[in-house]
Every structure is written in structure tokens, then in C-alpha cells.
Amino acid sequence: MSKIVRAIDVGYGTSTVITDMDGSSFKTRTFPSHANSVDKEQADLAGGAFSETRNVIIQHEGTQYEVGEDSLITSDPKASRVLNSGYIRSAQYMAIVKASLDMMALPGNEVDLLVCSLPVSNMHQKEELKELLKTKHHINNDKYITVKDVWIIAQPIGGLLAYFKQQGKNEVSKLIQESILVVDVGYLTVDFSVVTRLIVAEKRSGAIDLGMRKVLESVSEELSKTFKVKVNVNAIDDAFCKNPHELTMFGKSYSFPICDGLDVHKNKTDIKYDVTPVIERVCKQAIDSIFNVVGDGQDISRVVLLGGPAPVYLDALKEKYPNHHIDIVRGHVKAVAVGSQFGGLEKVAAQNNKVA
């Protein structure tokens with residue numbers, strides 16, 4: 001029987017899990033990195049409402065947590081995220097991991113190899129994370145899932161593996177010899193690495209604290225001057241992703257990032273704003289910081305961009321590296337998890353060939 005390989009990418013903003021394989025293709029789920037504690041009595045009073053969401057409920061250290069695509073709908077708007085280097089030790093992180101395991105199709109409730117990723121700046125925690133994950137996990141009620149082995153890789157490497165796979169076998173042998181700048185835009189940080197033959201140049205790698213959160217907070221500060229209230233960053237995030245170019249406030253929808261006195265239905269409004277300079281400023285600061293470490297890239301063959309907010313940072317990257325071919329990985333939101341899954345399968349296949 002072939003070994004079961006699965007991958008999880010737990011980000012600060014969103015998480016992606018490979019739930020199953022259908023031939024050579026993968027089934028995935030992507031959801032907010034939110035784990036909401038659930039009061040048992042309230043859950044009982046909900047009259048089955050939880051079954052109507054795309055969330056799963058798991059147990060961790062005596063507390064029930066709700067995780068899934070609809071977790072923002074049921075979350076406490078005042079709840080805060082864990083956004084620091086202690087993230088992997090938080091209840092929120094482990095709840096997301098357990099929920100991801102629960103979402104997987106697993107014969108016998110076992111995973112032979114679980115591939116997880118970490119930001120470049122947190123790779124020193126890989127052995128600690130491996131120890132946390134390689135165990136028998138209590139999911140809920142009488143359900144347990146055993147993780148037999150764990151492989152931790154840097155998030156940019158996961159994204160690069162997905163990119164290689166997309167280019168096809170004929171190109172991979174060439175690409176693997178090139179020096180490639182990988183830029184992974186996340187919620188908290190913008191990670192970057194110069195990679196040659198899948199070897200990371202540590203002195204030309206790092207993480208900049210100018211991820212999408214900084215864009216959202218800066219835009220919120222600017223929009224608050226117009227709307228006279230503190231604009232929720234989730235509404236702004238929706239204007240980038242869920243409903244592109246449309247900001248919804250108080251039941252009304254406005255063009256985004258520029259509103260020139262007309263709403264999306266072309267009705268006149270007193271609301272006017274242009275947050276383009278704010279967005280550009282944060283993105284430029286992030287890419288400038290990368291440039292200061294990596295240099296002008298005379299030795300770099302191409303730049304590969306991934307991560308959920310990748311398109312937001314593309315123009316700033318093009319401006320700083322005008323002579324380079326820049327690719328956004330297809331399916332950039334899920335690229336790290338998909339690439340990690342490819343890497344895990346190749347690792348197991350190599351082990352099997354060695355044994356044979």
C-alpha cells in the first residue's frame with residue numbers, strides 16, 4: 001500500500017491543506033487562519049447551525065475550536081490573531097493543524113508523511129515544530145489521527161516547487177540550475193530567498209515586516225479620514241480579494257482603490273478617496289528592503305512571485321527589477337501547500353527507490 005502524504009501551509013492570514021489526491025491532481029481547502037473557541041452550551045443551542053457552515057469543530061487542550069472557510073462569519077470581531085514567533089506554540093496554530101488533519105481523507109486515520117512549511121525567518125523552529133506535529137492527535141470525541149513523520153520546509157521553497165511543476169519536465173532541468181529570486185507575500189511578512197539548485201542562499205534571504213497586514217492597516221488609516229470611523233481591515237481585504245475593486249461600507253459599495261464621487265452603481269456620493277499612493281508606498285518599501293539585501297540581481301535569472309497578496313506587490317517588483325522576467329505562480333494563494341505536496345511525494349518516491 002502506498003504511503004499517505006499530505007501537506008499543510010498554515011499562514012498568518014490564510015491556511016491551505018491538501019485534503020486528498022485524485023490521480024495526479026490534488027484536492028485542497030483554503031480558509032482564514034482563525035480558530036474560534038466554541039462554548040459547548042452555545043453550540044448545543046445553535047440547533048444544528050454549525051452543520052450549515054464549511055467549518056469543522058476540533059478539540060485542543062480541553063477547548064473546542066471552530067476552523068474553516070466560514071470561520072470569520074462566526075468569529076468574535078474583537079478577537080486578535082497571534083502574530084509573533086511563538087505562533088507555532090499557540091492554541092490557535094495547533095487548532096488549525098488539527099482541523100486540517102480532520103479535513104483530510106485518511107484511510108486508518110494515519111498520515112505517513114506530513115509536509116509543513118515555515119517562514120524563512122522561523123526556520124530555526126523546524127525541529128520544535130516537527131516534535132509538536134509527529135504524534136497522535138486528539139481531533140474530537142473519539143477521533144484520533146496519527147502523524148508518523150514530518151518534513152518542514154521553507155515557504156518560498158514550497159512555492160518554487162509548485163512553479164517548477166507548472167513549467168513541465170523539459171524546463172525543470174534548466175530552471176533548477178538557475179539562480180531564482182523567490183518572493184512570497186504573506187499577511188504578516190514578505191519572505192524572500194535566492195535559490196540555486198534548491199539551495200537557499202541564507203545571506204540573501206529574509207523576511208520583511210511589510211506584508212498585507214501593513215497595507216490593510218495603512219489603507220484603513222487613510223480611509224478613516226473619509227468615513228470618520230475606523231474602517232475594518234476585513235472590509236478592505238474583501239475589496240482586494242473577495243469583491244475586487246469594491247469597498248462595502250454601511251451597506252453601500254464604492255469603487256476601490258479610487259472613488260471619485262460615484263458609487264459602483266454610478267450614483268453620486270460625497271465619498272471621495274484615492275488610496276493608491278498608500279498601497280504603492282508600503283509595497284515599494286517592502287521591495288526596496290529586499291533589494292537592499294539581494295542587490296540588483298545581475299546573477300539572478302528570473303523572479304518568482306507567490307502568496308495570496310502577490311498581485312498587489314507586482315508593480316513595485318517590476319519597477320525595482322525592470323530587466324528581469326517576473327512570473328506569478330499560477331494558483332499563487334495555494335502554491336506553498338501544492339509545492340509542499342509535490343515535494344513530499346518526490347521525497348517518499350526517492351526513499352522507496354533507495355530501499356528497492
Side-chain angles (χ1 to χ4, degrees), residues 11-14 83 119-121 154-156 159-160 163 179-195 201 203-226 230-231 233-241 244-247 254-260 272-329 332-333 335-336:
Y12 289 109
T14 60
L83 299 173
V120 171
S121 56
Q155 287 172 345
L160 189 59
Y163 176 75
S179 289
I180 299 174
L181 170 59
V182 185
V183 179
D184 180 9
V185 185
Y187 182 77
L188 184 62
T189 62
V190 180
D191 284 16
F192 63 96
S193 296
V194 174
V195 181
K203 291 184 178 180
R204 300 175 79 187
S205 303
I208 310 298
D209 291 329
L210 290 168
M212 195 62 188
R213 180 181 71 157
K214 185 63 176 177
V215 172
L216 298 177
E217 289 176 345
S218 300
V219 171
S220 173
E221 185 177 341
E222 186 67 22
L223 287 175
S224 296
K225 300 174 185 177
T226 299
K230 183 173 177 58
V231 178
V233 293
N234 290 331
I236 301 167
D237 195 29
D238 285 347
F240 277 105
C241 305
H245 309 299
E246 186 174 319
L247 175 70
Y254 305 94
S255 298
F256 183 86
I258 301 172
C259 181
D260 57 3
K272 293 183 180 181
Y273 57 77
D274 181 0
V275 295
T276 305
V278 177
I279 299 169
E280 291 176 346
R281 182 172 67 247
V282 175
C283 295
K284 186 176 185 299
Q285 288 174 348
I287 304 306
D288 283 350
S289 297
I290 293 174
F291 186 91
N292 291 338
V293 177
V294 173
D296 62 9
Q298 293 182 32
D299 62 322
I300 292 172
S301 300
R302 68 184 67 205
V303 181
V304 174
L305 181 62
L306 61 134
V312 180
Y313 289 71
L314 178 60
D315 287 344
L317 197 57
K318 285 181 176 179
E319 182 180 341
K320 205 66 182 179
Y321 290 96
N323 299 314
H324 287 80
H325 178 75
I326 300 176
D327 275 335
I328 294 185
V329 181
H332 52 89
V333 176
V336 173

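- Between V195 and V304 the shortest side-chain heavy-atom distance does not fall below 4.5 Å.
- Taken to the nearest 0.5 Å, the CG atom of L314 stands 4.5 Å off from the CD1 atom of I328.
- For S224, there are no side-chain hydrogen bond (donor to acceptor under 3.5 Å, both in side chains) partners, not counting sequence neighbours.
- Between the side chain of S121 and the main chain of G206, no donor-acceptor pair closer than 3.5 Å is present.
- Of all the heavy atoms in V278 and V219, the pair that sits closest is CG1-N, 3.9 Å.
- Residues meeting the side-chain hydrogen bond (donor to acceptor under 3.5 Å, both in side chains) test with Q285, sequence neighbours left out: none.
- Between A335 and V329 the shortest heavy-atom distance is CB-CG1, 3.8 Å.
- Here the closest heavy-atom approach between residue P119 and residue Y12 is recorded as CG-CE1, 4.5 Å.
- Applying the salt bridge (Lys or Arg N to Asp or Glu O under 4.0 Å) rule to pairs touching residues 274-287 yields K284-D288, sequence neighbours excluded.
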Audit row: D327, R302, side-chain contact (heavy atoms from CB on, under 4.5 Å) steps and yes/no: CA-CA 8 Å; D327 275 335; R302 68 184 67 205; 4.0 Å; yes
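- At a threshold of 4.5 Å between non-hydrogen side-chain atoms, the residues I326 and K318 count as touching.
- Considering every non-hydrogen atom in both I208 and S289, the closest pair reads CD1-CB, 3.6 Å.
- Side-chain contact check for V275 versus F256: some heavy-atom pair is nearer than 4.5 Å.
- Going from atom CG of D315 over to atom SG of C283 covers 8.5 Å, rounded to the nearest 0.5 Å.
- Under the 4.5 Å side-chain criterion, counting only non-hydrogen atoms from C-beta, V294 is in contact with I300.
- Considering only heavy atoms from C-beta on, P156 comes within 4.5 Å of V120 through its side chain.
- For E221, the CD atom is loosely surrounded, since the number of other residues' heavy atoms within 6.0 Å does not exceed 12.
- With D191 contributing its side chain and D184 its backbone, the two residues share no donor-acceptor pair below 3.5 Å.
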What verdict does the side-chain contact (heavy atoms from CB on, under 4.5 Å) test give for V215 and F240, after you've listed the backbone C-alpha separation in whole Å, the side-chain angles of each residue and the deciding distance to 0.1 Å? CA-CA 11 Å; V215 172; F240 277 105; 4.0 Å; yes
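- For the pair Y321/L181, a side-chain contact is recorded, criterion being any heavy-atom separation below 4.5 Å from C-beta on.
- The local environment of NZ in K214 is sparse, with at most 12 non-hydrogen atoms from other residues, nucleotides or ligands closer than 6.0 Å.
- Once rounded to the nearest 0.5 Å, the distance linking CE of M212 with OG1 of T14 reads 11.5 Å.
- The two residues Q155 and V336 come nearest to each other via the heavy atoms O-CG2, 3.4 Å.
- Rounding to the nearest 0.5 Å gives a distance of 11.5 Å between CD1 of I287 and CG of N292.
- One distance of note links OG of S220 with CG of D237; it measures 12.0 Å at 0.5 Å rounding.
- For the salt bridge (Lys or Arg N to Asp or Glu O under 4.0 Å) condition, the pairs that include at least one residue of residues 289-299, sequence neighbours left out, are R204-D299.
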Side-chain donor-acceptor pairs under 3.5 Å in residues 306-313, sequence neighbours left out?
residue, atom, partner, partner atom, Å
Y313, OH, L210, O, 2.8
Y313, OH, G211, O, 3.1

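- Considering only residues two or more places apart in sequence or on other chains, K225 meets the salt bridge (charged side-chain N to carboxylate O under 4.0 Å, His left out) condition with E222.
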